[in-house]
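These notes are about the structure you will find just below.
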Amino acid sequence: MENHLNVVKYAPYIFLVSILIFLGIGWLFGKYRLRTSEKVIVRDSLAAAIFGLSALVLGFTFSSANDHFDKRISLIRAQADALTQVYQSSKYLSAADQTAVRNSLKEILIDRLSIYQDVHTFVALNQNVAHLGNKLNNFNELMMMSIPRAPINNREMADKILRPQMNHLMEVMRDGMLNARHHPPAILERFLFTLLTIGALLSGYAMAVKNEEDWFLTFIYLALMGFALYVIFALEFPNELFPYNSFNADLLGTQTLMQ
């Protein structure tokens with residue numbers, strides 16, 4: 001599990017190759033049974049039950065991954081908006097505090113954008129999350145000191161506008177830190193892998209026994225299954241499989257604004 005992130009980008013291909021291998025094993029075993037047995041019977045009801053369970057787990061995994069992806073995108077947009085608001089409202093602070101706050105926001109944004117970069121283990125991810133948490137704590141302390149010493153003519157604005165914005169920023173950033181650690185248990189992926197490979201084994205076996213080889217349909221099945229698995233893993237681990245600039249577009253736009 002510690003090295004799980006290191007192989008996520010290859011997981012769809014591992015699944016697809018394994019399905020292909022088990023399909024071939026099932027087909028070869030079916031041909032062997034035909035040569036060594038006078039009559040071979042395939043229990044369609046048992047095979048259908050396994051295929052149905054595989055479809056159920058595949059659908060559940062896709063739905064869960066899609067929900068996680070929507071949550072992550074919503075948090076990224078909320079974080080980008082909150083960072084922008086605090087950055088713009090820091091104008092109510094004194095010149096020195098304004099500079100310090102804006103520099104701190106830039107550092108927080110850099111840490112947020114790099115939280116998944118060059119991360120190969122969950123241990124490294126947790127270290128990046130903890131580092132971001134420390135930056136947020138320091139920023140919170142800085143804001144608590146900066147708002148009371150804002151210029152007299154801006155102090156009320158800083159307290160009523162900037163303080164709520166800062167609290168909202170802390171909230172969405174903390175939510176994002178918790179969400180970064182939120183992934184399905186590895187046992188679910190192993191269960192899906194087991195079901196799909198067993199289903200492929202039975203498909204190959206049934207094709208051979210019934211003399212119903214249709215390699216064109218088999219190719220289409222493998223292509224669709226491979227694409228479905230890629231979509232599931234991309235939704236669940238977008239930082240590993242999505243283009244960096246596309247997934248972090250809102251945060252990168254905020255970074256451009258701050259420069």
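Index from 1, following the sequence.
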For the atom pair [atom1] ([X]) and [atom2] ([Y]), what is the distance rounded to the nearest 0.5 Å?
X      : Y      : atom1 : atom2 : answer
Asp175 : Arg72  : CG    : CZ    : 13.0 Å
Ser74  : Asp250 : OG    : CG    : 10.5 Å
Leu169 : Arg174 : CG    : CZ    : 10.0 Å
Arg149 : Leu93  : CZ    : CG    : 9.0 Å
Phe193 : Phe15  : CZ    : CZ    : 6.5 Å
Leu105 : Met143 : CG    : CE    : 7.5 Å

Which heavy atom of [X] sits nearest a heavy atom of [Y], and at what distance?
X      : Y      : answer
Ile161 : Ser89  : CG2-OG, 3.9 Å
Leu23  : Ser203 : CD1-CB, 3.9 Å
Leu257 : Gln88  : CD2-NE2, 4.1 Å
Thr197 : Ser18  : CG2-CB, 4.0 Å
Ser104 : Leu142 : CB-CD2, 4.2 Å
Leu125 : Ile115 : CD1-O, 3.7 Å

Quick one: are [X] and [Y] in side-chain contact, heavy atoms under 4.5 Å?
X      : Y      : value
Gln255 : Ile110 : yes
Leu252 : Leu113 : yes
Leu53  : Leu195 : yes
Arg163 : Met144 : yes
Phe22  : Leu196 : no
Gln117 : Asn239 : no
Leu83  : Leu251 : yes
Met207 : Thr218 : yes

Whether the [X] and [Y] side chains hold a donor-acceptor pair (N or O, under 3.5 Å, no angle test) is what I'd like checked.
X      : Y     : result
Tyr205 : Arg33 : yes
Asp81  : Gln85 : yes
Ser94  : Asp97 : yes

Item to complete: List the steps, then state whether salt bridge (charged side-chain N to carboxylate O under 4.0 Å, His left out) holds for Glu107 with Arg112.
Response: CA-CA 9 Å; Glu107 292 177 2; Arg112 172 59 187 85; over 6 Å; no
Worksheet, complete the sentence: Paired with Thr61, the side chain to side chain contact (heavy atoms under 4.5 Å, CB included) test is passed by just one of Leu192, Leu56, Asn66, namely Leu192
Worksheet item: Can Phe139 and Met166 be said to form a side-chain contact (heavy atoms from CB on, under 4.5 Å), step by step?
Response: CA-CA 9 Å; Phe139 175 76; Met166 183 268 293; 3.9 Å; yes
[X] with [Y], same ILVMFWY side-chain cluster at under 4.5 Å:
X      : Y      : answer
Val8   : Val231 : yes
Leu235 : Phe227 : yes
Leu217 : Leu224 : yes
Phe51  : Ile25  : no
Leu109 : Val101 : yes

Discussion item. One pair to check against side-chain contact (heavy atoms from CB on, under 4.5 Å): His68 and Asn179. What are the steps and the verdict?
Written reply: CA-CA 9 Å; His68 292 166; Asn179 186 267; 6.0 Å; no
Discussion item. Can you confirm whether Phe60 is buried at CZ, in the sense that more than 12 heavy atoms of other residues, nucleotides or ligands lie under 6.0 Å from that atom?
Written reply: no
Discussion item. If you count heavy atoms of other groups shown closer than 6.0 angstrom to CD1 of Ile187, is the number above 12?
Written reply: no
Item to complete: Can you label the angle between the Tyr230 ring and the Tyr13 ring as parallel, tilted or perpendicular, going by 30° and 60°?
Response: tilted
Worksheet entry | Aromatic plane relationship, Phe69 with Phe247 - under 30° parallel, 30 to 60° tilted, over 60° perpendicular | tilted
Taking the side chain from [X] and the backbone from [Y], do they hold a donor-acceptor pair closer than 3.5 Å?
X      : Y      : result
Asn138 : Asn134 : yes
Gln79  : Val172 : yes
Arg155 : Ile147 : no
Ser246 : Phe242 : no

Worksheet item: What do the steps show when you test Ile19 against Tyr221 for side-chain contact (heavy atoms from CB on, under 4.5 Å), and what is the final call?
Response: CA-CA 11 Å; Ile19 290 172; Tyr221 162 77; 4.3 Å; yes
Practice prompt. Flag this pair as yes if the NZ/CZ of Arg102 is under 6.0 angstrom from the six-membered ring centre of Tyr87 and inside a 45 degree cone about the axis; otherwise no.
Written response: yes
Discussion item. Before you tell me yes or no, could you show the steps for Gln98 and Ser90 under side chain to side chain donor-acceptor pair (under 3.5 Å), namely the whole-Å CA-CA distance, both residues' side-chain angles and the distance that decides it to 0.1 Å?
Written reply: CA-CA 6 Å; Gln98 182 182 144; Ser90 64; 4.9 Å; no
